[in-house]
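Quick caveat, the model's predicted, so the values are computed rather than measured. For reference, positions follow the sequence shown, starting with 1.
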Amino acid sequence: MPAPSAEDAAAFAAVLARLDTALPPQVCATLRPPARAEDLAALAGVLPEGARLPADLQALLAWHDGQSWNAPLSTKNNRRLLSAGEIRSELAYFSDPRSDVMAPWSASWLPVLTNDAGDFVVLETGGPQAGCLRLYWHDDPSRSVAHPSLLKWAEALLGEYLPPPAG
């Protein structure tokens with residue numbers, strides 16, 4: 001997966017910083033501290049050989065290492081951020097041939113958000129749509145694109161909490 005441009009990385013960092021001030025206190029209280037370097041290294045260590053932890057995912061986890069269980073981040077859905085450790089755990093589940101996983105599932109997907117009921121938003125790390133966020137519902141085989149990037153997802157989330165423009 002190509003690294004985001006310096007401009008996109010700066011825009012993503014700016015949106016995440018704005019989220020810290022825009023999110024309501026009850027949502028902020030569910031956010032964990034930033035991921036530690038060793039947590040990011042452990043996550044990178046379970047990726048397929050030659051794969052790297054995407055820079056935008058590193059930035060997201062460095063912002064907040066997930067959220068409390070069953071604590072929605074968005075006003076429009078019940079999804080929460082996964083921590084680096086939870087992403088590792090979910091990858092272990094999805095890569096275990098004994099797991100009851102509904103196809104399709106791709107080894108290039110990294111779970112980023114969950115509803116804590118078996119459904120995920122995953123980051124596509126390979127192929128022509130690398131960088132997009134896909135919906136993975138445990139009981140539905142469609143895997144549609146939810147957002148073209150983590151940046152666009154963060155901008156949409158920020159838009160939920162900002163007042164509408166005056167007009």
Side-chain angles (χ1 to χ4, degrees), residues 1 3-47 51-94 108-125 130-138 143-165:
M1 177 174 152
S5 69
E7 185 177 289
D8 284 347
F12 190 44
V15 171
L16 293 175
R18 288 185 68 197
L19 277 167
D20 274 330
T21 60
L23 293 172
Q26 67 272 20
V27 174
C28 286
T30 70
L31 293 168
R32 296 179 180 146
R36 300 172 307 164
E38 54 265 29
D39 297 326
L40 295 175
L43 175 55
V46 300
L47 299 179
R52 294 185 138 177
L53 192 59
D56 51 356
L57 181 57
Q58 287 183 55
L60 180 66
L61 294 168
W63 173 61
H64 289 287
D65 190 22
Q67 267 182 288
S68 303
W69 184 82
N70 208 21
L73 183 59
S74 170
T75 60
K76 295 183 177 182
N77 59 61
N78 62 346
R79 298 176 199 142
R80 71 170 179 88
L81 289 174
L82 289 168
S83 70
E86 290 170 320
I87 294 170
R88 275 190 8 253
S89 176
E90 295 300 342
L91 286 174
Y93 171 79
F94 281 107
S108 67
W109 294 347
L110 297 175
V112 177
L113 299 160
T114 184
N115 65 0
D116 290 314
D119 302 322
F120 299 91
V121 176
V122 298
L123 178 63
E124 175 66 74
T125 64
C132 77
L133 295 176
R134 293 188 177 282
L135 300 175
Y136 175 89
W137 303 126
H138 72 280
R143 303 291 183 249
S144 61
V145 173
H147 298 279
S149 66
L150 277 170
L151 170 60
K152 294 301 181 189
W153 164 80
E155 289 173 341
L157 180 63
L158 181 61
E160 291 179 32
Y161 291 103
L162 292 179

Using modelled atom types and a 3.5 Å cut-off, is there a donor and acceptor pairing between side-chain atoms of [X] and backbone atoms of [Y]?
| X | Y | value |
| --- | --- | --- |
| Arg79 | Leu113 | no |
| Ser149 | Cys132 | no |
| Asp39 | Gly85 | no |
| Arg32 | Gln67 | yes |
| Trp109 | Val122 | no |

Spatial distance of atom [atom1] ([X]) from atom [atom2] ([Y]) [nearest 0.5 Å]:
| X | Y | atom1 | atom2 | value |
| --- | --- | --- | --- | --- |
| Asp65 | Leu40 | CG | CG | 7.0 Å |
| Ser108 | Arg134 | OG | CZ | 8.0 Å |
| Leu53 | Gln58 | CG | CD | 4.5 Å |
| Tyr161 | Thr21 | OH | OG1 | 13.0 Å |
| Trp69 | Asp116 | CH2 | CG | 5.5 Å |
| Thr114 | Asn78 | OG1 | CG | 8.5 Å |

Quick check: closest heavy atoms across [X] and [Y], and the distance to 0.1 Å?
| X | Y | answer |
| --- | --- | --- |
| Pro111 | Glu90 | CG-CB, 3.8 Å |
| Ser74 | Glu160 | OG-OE1, 2.7 Å |
| Pro148 | Lys152 | CG-CG, 3.6 Å |
| Ala51 | Leu47 | CB-CB, 4.0 Å |
| Pro34 | Ala62 | CB-O, 2.9 Å |

Start with the C-alpha distance between Leu135 and Val121, add both sets of side-chain angles, then the distance that settles side-chain contact (heavy atoms from CB on, under 4.5 Å), and finish with yes or no.
-> CA-CA 5 Å; Leu135 300 175; Val121 176; 3.9 Å; yes
Report yes if some heavy atom in the side chain of [X] is under 4.5 Å from a heavy atom in the side chain of [Y]; otherwise report no.
| X | Y | value |
| --- | --- | --- |
| Asp56 | Leu123 | yes |
| Val15 | Trp63 | no |
| Asp20 | His64 | yes |
| Leu23 | Leu31 | yes |
| Leu110 | Thr125 | yes |
| Leu43 | Leu91 | yes |

Relative to each other, are the rings of Phe94 and Tyr136 parallel, tilted or perpendicular (30° and 60° limits)?
-> perpendicular
Around atom CZ of Arg18, are there more than 12 heavy atoms of other residues, nucleotides or ligands at under 6.0 Å?
-> no
